[in-house]
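Heads up, the thing below is written out as structure tokens.
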Protein chains: 2
Amino acid sequence: MAIVPMAKREKRITIYDLAKSLNIAPSSVSKALNNSHAISSKIKKMVEDKAKELNYVHNTNAANLRRGFTRIIGVIVPKINESFFANIIAGIEKVCVQHQHSLIICQTEESLEKEVNAVQTLIRQNVDCILISLSLETQSTAHLEEIKNNHIHFIQFDRISPAIDSYTVVNDNEAASYQAVAHLAKQGYQNIAYFGGPAHLNLYQERKQGYKNALKDFGLTFYEDFVKDEIISTASGKQEALHLLQTNVKPDAFLCTSDYVSLGVLEALQQLNLSSPKDVGIIGFANEMFTQLVQPSLSSVNQFSYEMGEQIAELYFSEVMKQKEHEEIKTIKVKTEIVQRASSSR
Amino acid sequence: MAIVPMAKREKRITIYDLAKSLNIAPSSVSKALNNSHAISSKIKKMVEDKAKELNYVHNTNAANLRRGFTRIIGVIVPKINESFFANIIAGIEKVCVQHQHSLIICQTEESLEKEVNAVQTLIRQNVDCILISLSLETQSTAHLEEIKNNHIHFIQFDRISPAIDSYTVVNDNEAASYQAVAHLAKQGYQNIAYFGGPAHLNLYQERKQGYKNALKDFGLTFYEDFVKDEIISTASGKQEALHLLQTNVKPDAFLCTSDYVSLGVLEALQQLNLSSPKDVGIIGFANEMFTQLVQPSLSSVNQFSYEMGEQIAELYFSEVMKQKEHEEIKTIKVKTEIVQRASSSR
DNA sequence: AGGCTATAGGAAATCGATTTCTAAAATATT
DNA sequence: AATATTTTAGAAATCGATTTCCTATAGCCT
């Protein structure tokens with residue numbers, strides 16, 4: 001799409017205008033507005049009054065150029081309107097406002113190409129830091145290296161690539177998954193299936209590992225056929241559940257790495273006239289709003305997404321921004337919590 | 001909170017570096033990179049190759065300062081993580097990317113103070129346009145006037161103030177509300193209550209008006225007591241429904257201006273051992289995901305939020321940006337649709 | 001009083017692009 | 001072949017702040 005040129009806006013009052021009308025130097029105006037100790041309070045007052053009078057507005061662009069940083073943070077997520085990410089963004093925003101920073105948001109719609117473009121845009125915008133959760137497609141990391149090459153801080157969260165060294169904020173996915181299976185086991189389920197996402201993502205590897213570990217620890221059989229790696233939608237969850245529930249050795253419980261998948265499993269049960277929790281246990285991930293509203297209500301792993309957003313931003317302000325030399329690069333694990341509801345309680 | 005100073009980033013390659021290493025003028029480099037017709041394709045190629053070789057990155061900040069506009073659009077919403085707004089933002093983002101624009105997002109958390117600050121920040125950031133949906137608290141519009149004073153375009157959407165002249169994008173709330181009541185009436189409900197939001201917001205005035213008009217047109221009685229203006233949460237919906245359903249003249253249906261309120265009404269019914277749709281009809285607004293998942297499923301007015309986002313952005317690019325002189329200021333009405341589900345079907 | 005330090009304010013360079021104006025070179029015209 | 005025209009490239013100003021360096025004055029000390 002062509003970029004339409006824009007007309008220049010009408011001129012605003014600048015520090016030069018203030019300087020002239022007060023008969024002082026522009027540099028003094030700048031210092032006064034920045035509350036520099038090298039300016040008397042008399043002049044500060046003069047400048048502030050005049051600034052108000054003439055409706056002066058600070059031009060962040062000019063300041064950014066001169067200073068070399070922007071107090072803008074770029075966020076890249078797969079989908080802005082998935083509640084998990086929307087909550088994270090909301091949490092990030094809250095903390096950023098406290099620190100007088102602004103937020104540029106990009107969504108990749110799970111496309112690597114859009115992710116690469118988003119990174120490019122943010123680098124060009126001179127953001128101070130990029131917070132990113134990778135798209136499902138992303139397997140290469142050249143664009144992430146670019147962030148480093150341009151000396152921009154960055155933090156990966158949730159869907160991260162271990163191939164690149166960076167601060168990260170994630171749930172303890174392995175533990176969460178382990179606990180979910182443990183919970184199912186304690187409720188007496190024996191044949192537990194795992195419906196996960198693409199195995200090239202760390203996130204899903206860990207959840208699968210937690211699942212496997214728990215099976216072993218609780219003496220449950222591991223069926224290769226019960227493990228599926230590309231189930232990330234309601235539709236695919238339903239389809240795969242329908243399939244598995246009509247084989248000889250059937251699962252009696254499902255660990256789904258998304259509540260939407262849980263929903264699909266539930267639909268499958270209804271279609272097969274099975275009931276949850278009696279015949280089949282279900283537990284999902286994310287603790288979406290709807291999990292407590294469906295019949296039966298769906299158990300889920302609460303990932304504390306809003307808090308995760310806050311922690312991501314706080315990590316930036318408390319550590320990353322300060323560029324501590326030789327500081328070791330941190331991984332923050334955000335707590336999770338099994339929310340036990342009807343679908344896994346028998 | 002104190003603003004911590006930041007270290008300046010390491011220097012990047014600039015057009016001056018490219019110019020020097022090619023033995024041409026910086027201005028020529030700029031023109032080459034901007035594909036100006038005043039530069040030969042030979043030099044363009046040279047410059048592009050060298051730019052790639054040296055990993056040149058365009059500094060948007062410098063360009064913005066010089067050009068006087070930024071290709072950045074500011075969005076202000078009450079809550080980023082309410083699905084209605086999250087969808088709108090996602091729609092806006094999609095269209096903005098097509099037009100090579102970036103998005104700065106601010107949330108007000110329904111606070112006027114935060115809204116005013118957000119506007120200030122965006123003006124200082126030199127955004128080309130501000131897209132805003134007002135907080136519940138907002139009754140004054142001085143900050144919106146500021147946007148105009150600084151010659152920044154702006155578009156109000158959903159929650160707008162008619163007190164200030166601007167482009168607007170809204171649902172046809174009156175019609176939507178009218179149709180919802182009409183639908184309830186056709187299903188045989190006679191005593192329809194209205195649960196709306198603060199009456200100082202246009203949005204809710206219109207929905208109330210549509211409700212009243214429909215009552216009249218369908219020959220239904222208007223009960224002053226059935227009209228409530230401060231019901232915007234599940235809790236308040238439940239509470240008020242409990243109250244009304246235990247009076248002498250009870251409503252047999254509820255028009256709620258939010259699905260969350262519908263949910264509260266549903267809870268009230270369960271508590272009172274009433275059932276929907278048999279005893280009481282319910283219809284809400286926004287067509288939230290969960291409305292199709294609860295039992296009984298909840299009827300709702302689909303507001304096409306994602307499409308609304310797209311239309312807002314498209315309005316900007318097709319009309320507002322071009323600053324057509326004496327163009328009349330437009331209001332776009334986004335279609336709505338009654339989604340009939342169990343809660344209103346008897 | 002003389003000299004020294006601290007302080008306040010100003011001059012000028014700077015950030016990195018864009019853009020206007022000018023001039024040289026290439027091409028076209030008669 | 002001489003002149004007119006068009007192209008192409010460069011010089012320099014500009015956007016609006018910040019920041020460094022410098023100077024003049026006020027305040028301090030013995």
Side-chain angles (χ1 to χ4, degrees), chain A residues 3 5-47 51 54-71 123-126 128 150-151, chain B residues 3 5-47 51 54-71 123-126 128 150-151:
Chain A
I3 307 178
M6 273 202 46
K8 198 171 280 197
R9 240 193 299 286
E10 241 155 289
K11 275 223 188 67
R12 291 185 184 157
I13 299 291
T14 70
I15 55 169
Y16 296 91
D17 300 321
L18 295 183
K20 200 185 293 172
S21 95
L22 289 168
N23 253 310
I24 61 175
S27 53
S28 304
V29 174
S30 172
K31 289 174 192 162
L33 293 172
N34 285 293
N35 203 18
S36 155
H37 58 86
I39 289 286
S40 67
S41 46
K42 198 186 74 192
I43 292 215
K44 280 184 191 166
K45 173 112 182 57
M46 263 173 51
V47 170
L54 299 186
N55 247 303
Y56 166 78
V57 178
H58 180 263
N59 186 325
T60 307
N61 248 299
N64 289 350
L65 174 60
R66 176 62 229 245
R67 283 188 316 222
F69 61 89
T70 54
R71 296 208 180 96
I123 293 176
R124 281 205 280 259
Q125 293 279 1
N126 250 303
D128 293 343
N150 283 282
H151 307 284
Chain B
I3 306 179
M6 273 202 48
K8 199 170 279 196
R9 239 192 299 287
E10 241 155 290
K11 276 223 187 67
R12 292 185 184 157
I13 298 290
T14 70
I15 54 169
Y16 295 92
D17 300 322
L18 295 182
K20 201 185 292 171
S21 95
L22 289 169
N23 254 310
I24 60 176
S27 54
S28 302
V29 174
S30 173
K31 288 174 196 160
L33 292 171
N34 285 293
N35 203 16
S36 156
H37 58 86
I39 289 286
S40 66
S41 46
K42 197 185 76 193
I43 292 214
K44 279 183 193 167
K45 174 112 182 56
M46 263 173 53
V47 170
L54 300 185
N55 246 304
Y56 167 78
V57 178
H58 180 263
N59 186 324
T60 308
N61 248 299
N64 288 351
L65 173 58
R66 177 60 231 245
R67 284 189 314 222
F69 62 88
T70 55
R71 295 206 181 97
I123 293 177
R124 282 205 280 260
Q125 294 279 0
N126 251 303
D128 293 342
N150 283 281
H151 307 284

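Worth knowing before you read on, the calculation uses all heavy atoms, side chains too, and leaves out hydrogens, waters and symmetry mates. What you are looking at is a predicted structure, and each value in this text was computed from that prediction instead of being measured.
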Any donor-acceptor pair under 3.5 Å joining the side chain of A:Lys31 to the base of C:dG10? yes
Shortest non-hydrogen pair, A:Pro26 vs A:Ile15, comes out as O-CD1, 3.8 Å
Heavy-atom pair with the smallest gap, counting every atom of A:Ser21 and A:Leu54: OG-CD1, 4.2 Å
Using a 4.0 Å cut-off on heavy atoms, which residues in residues 17-30 of chain A reach DNA chain D? List them by number, or say none. A:Ser27, A:Ser30
Looking at A:His58, I'd like to know whether one of its side-chain N or O atoms comes within less than 4.0 Å of OP1 or OP2 on D:dT18. yes
Identify the heavy atoms of B:Lys31 and B:Ile39 that sit nearest to each other, and give their distance. CB-CG1, 3.5 Å
Nearest heavy-atom neighbours spanning B:Asn126 and A:Arg12: OD1-NH2, 3.9 Å
At 4.0 Å (heavy atoms only), tell me whether B:Asn34 reaches a base, stays on the sugar-phosphate, or touches nothing. sugar-phosphate
Of the nucleotides C:dA13, C:dT20, C:dT18, which one has an atom closest to the side chain of B:Arg67? C:dT18
Could you check how far CZ of A:Arg12 sits from C1' of D:dG16, rounded to whole Å? 11 Å
For A:Asn61 and B:Leu65, work out which heavy atoms get closest and say how close. OD1-N, 4.2 Å
Separation of C:dG9 atom P from A:Leu33 atom CG, nearest Å, is 14 Å
Distance, rounded to the nearest Å, where A:Ile43 contributes CD1 and C:dT7 contributes C1': 12 Å
4.5 Å side-chain heavy-atom contact, B:Val47 and B:Leu33: yes
Here the pair of heavy atoms bringing B:Val57 nearest to A:Arg124 is CG1-CG, 3.7 Å
In whole angstrom, give the distance that lies between atom OH of A:Tyr16 and atom C1' of D:dA13. 13 Å
Integer-rounded Å distance: D:dG16 P and B:Gln125 CD: 16 Å
Please report, rounded to the nearest Å, how far the P atom of C:dG16 is from the CG atom of B:Asn59. 7 Å
The residue, B:Ser41 or A:Tyr56, whose nearest nucleotide of DNA chain D is more 5′ is B:Ser41
Quick one: which of D:dT18, D:dC15, C:dG9 gets closest to the side chain of A:Ile39? C:dG9
To the nearest angstrom, the CG-P distance between B:Asn64 and C:dA17 comes to 12 Å
Categorize A:Ile15 for me: base, sugar-phosphate, or nothing, with a 4.0 angstrom heavy-atom threshold over every strand shown. base
Looking at every strand, decide which applies to A:Ala63 at a 4.0 Å heavy-atom threshold: base, sugar-phosphate, or nothing. sugar-phosphate
Rounded to whole Å, how long is the line connecting atom CG of A:Asn61 with atom P of D:dG16? 10 Å
